[in-house]
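Every chain is numbered from 1, with letters handed out A, B, ... down the list of sequences.
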There are 2 protein chains.
Amino acid sequence: MNTITARQQEILTFIQQTVEQKGYPPSLREIAGHFGMVGTRGAFKHVAALIRKGHLRKGPGARALEVISQSQTARAVQSKSAGRAIPILGRVAAGQPILAEENLLGHLTVDPSLVRGREAFLLKVKGKSMRDAGILDGDLVLVKRQADADSGEIVVAMVEGEATVKRLIKKRGSLILQPENPDFDPIVITEKDASFQILGKVVSLIRPVV
Amino acid sequence: MNTITARQQEILTFIQQTVEQKGYPPSLREIAGHFGMVGTRGAFKHVAALIRKGHLRKGPGARALEVISQSQTARAVQSKSAGRAIPILGRVAAGQPILAEENLLGHLTVDPSLVRGREAFLLKVKGKSMRDAGILDGDLVLVKRQADADSGEIVVAMVEGEATVKRLIKKRGSLILQPENPDFDPIVITEKDASFQILGKVVSLIRPVV
DNA sequence: TAGAATGGTATTCATATGAATACCATCACG
DNA sequence: CGTGATGGTATTCATATGAATACCATTCTA
């Protein structure tokens, strides 16, 4: 049941590659066209078989194919010897894509176990506001992209057009960005502050001494 | 022209996250629904603006949105990149080869720029004696193997059968291992202490948060 | 203060797309 | 030797989806 035919593997690989390359899966007609088929029925049957065998998932609507096991195993295979190149950001300007080129300081290869699966970036920390959490000026924090976080977690957030690293405290609906240094004051986020945004959660730290 | 409004950034982030999570972009109606809009026109205009500003690309057919700058760097993130697998040591027992198997906790892939050329290992730090240097319990220090070091550098040294991380101070021929925490006392090395040995110099630090 | 850009509601339309029906060829397998 | 699974062609159909027209409120800027 879990066994897959050679032809089905071809189809699956093509779908996988298209998703990897363009960010969205091919339509049935694109699959059929790529393999020289005339109608869509052939491609449809293969896709149906792959869904039945658990290699694909189908969401509602058009072009809603999600690749299941293939990408997961591919990721697990990568985790052995190779690393992932993570972009290093110096600053994060408001109203721009986070990974805008002018902010990019370079890339650093990081062990996949530190960034399992998700989009991530490295941010060069400025200032000493998180000193007592062992995060010093110049450290690189590895940030997993997510729009929310749990209370007590250390996050990177946009406040007044600046990306800042603080501990997030949720208290009766209000948000506090808590520094880990008595010389600094907490930042309280009022509900209506639209400029506030959580960019991600700090999942690791890398300090290039010297 | 390249500037993006806050709302557009929200939309772009949502598209980005959906692609990242499911492997295909949301439809206009899914975007509209997620932001509480009624029709598709609002979402459509934002998408059009993002295409015009170069942050998205539109292929032929339905649900064929490709995220440009964001996903390209995100894709670069996914790309494999060469790193060096560095052994992680939990403890270092006296009178044994440093890399003895029983001490090995595993391996971590590290960017080559952090360990240029030399033999290196990662040591899992125990205790809080280097707290004020931002080295916390559980951190991994990346150690470059060398038998000596300059005064002021942070080193890993064997003292009384234990590997310890301290700042090395050289003073008129005598050696001091200086903690970075007032709760701990410096260790003074007498010249004839044969059990003392510098294992290497700390060149980087990696903290796997959580 | 006029005008452009943003960010919408309400509605409609053309079509790309998934899915179905009917039929067929090949191959493995008991 | 029949039977089921695979892998198709040819054709049709319902609809999810992108895109358009018309209109409006707000904000920012020249």
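- One finds no salt bridge joining B:Glu153 and B:Lys144 here, because no Lys/Arg side-chain nitrogen approaches an Asp/Glu carboxylate oxygen to under 4.0 Å.
- A:Asp148 and A:Lys170 are joined by a salt bridge, as a carboxylate oxygen and a charged side-chain nitrogen come within less than 4.0 angstrom of each other.
- Base engagement by A:Arg29 is indicated by at least one non-hydrogen atom pair under 4.0 Å involving a base atom.
- In this structure, the helix from C:dT1-D:dA30 to C:dG30-D:dC1 shows an angle of 30° between the axis at its start and the axis at its end, each fitted on 5 base pairs and rounded to 10°.
- With respect to B:Glu66 and A:Lys22, no salt bridge is recorded, no charged nitrogen being found less than 4.0 Å from a carboxylate O.
- Ion pairing between a basic and an acidic side chain is recognised when a charged N comes within 4.0 Å of a carboxylate O; B:Lys128 and B:Asp137 show no such pairing.
- Rounding to whole angstrom units, NZ of residue A:Lys45 and P of C:dT26 are separated by 15 Å.
- Heavy-atom distances to DNA chain C give each of B:Ala43 and B:Gly61 a nearest nucleotide, and the one nearer the 5′ end belongs to B:Ala43.
- Scanning DNA chain D 5' to 3' for nucleotides with an atom closer than 4.0 angstrom to a non-hydrogen atom of chain A gives a first and last hit of D:dT6 to D:dT17.
- B:Arg7 comes within 4.0 angstrom of sugar-phosphate atoms only, judged by non-hydrogen atoms across all strands, and of no base.
- Side-chain polar atoms of B:Gln9 and B:Thr5 form no donor-acceptor pair below 3.5 angstrom.
- Contact annotation: B:Lys53 side-chain N/O to C:dT6 OP1/OP2 distance is under 4.0 Å.
- Rounded to the nearest 0.5 angstrom, B:Leu114 CG and A:Arg207 CZ are separated by 13.0 Å.
- The residue among A:Ala49 and A:Gly42 whose nearest nucleotide of DNA chain D is located toward the 5' end is A:Ala49.
- A salt bridge does not link A:Glu180 with A:Arg131: none of the charged nitrogens is closer than 4.0 Å to a carboxylate oxygen.
- The CG atom of B:Leu142 lies 10.5 Å from the CG atom of B:Leu123; values are rounded to the nearest 0.5 Å.
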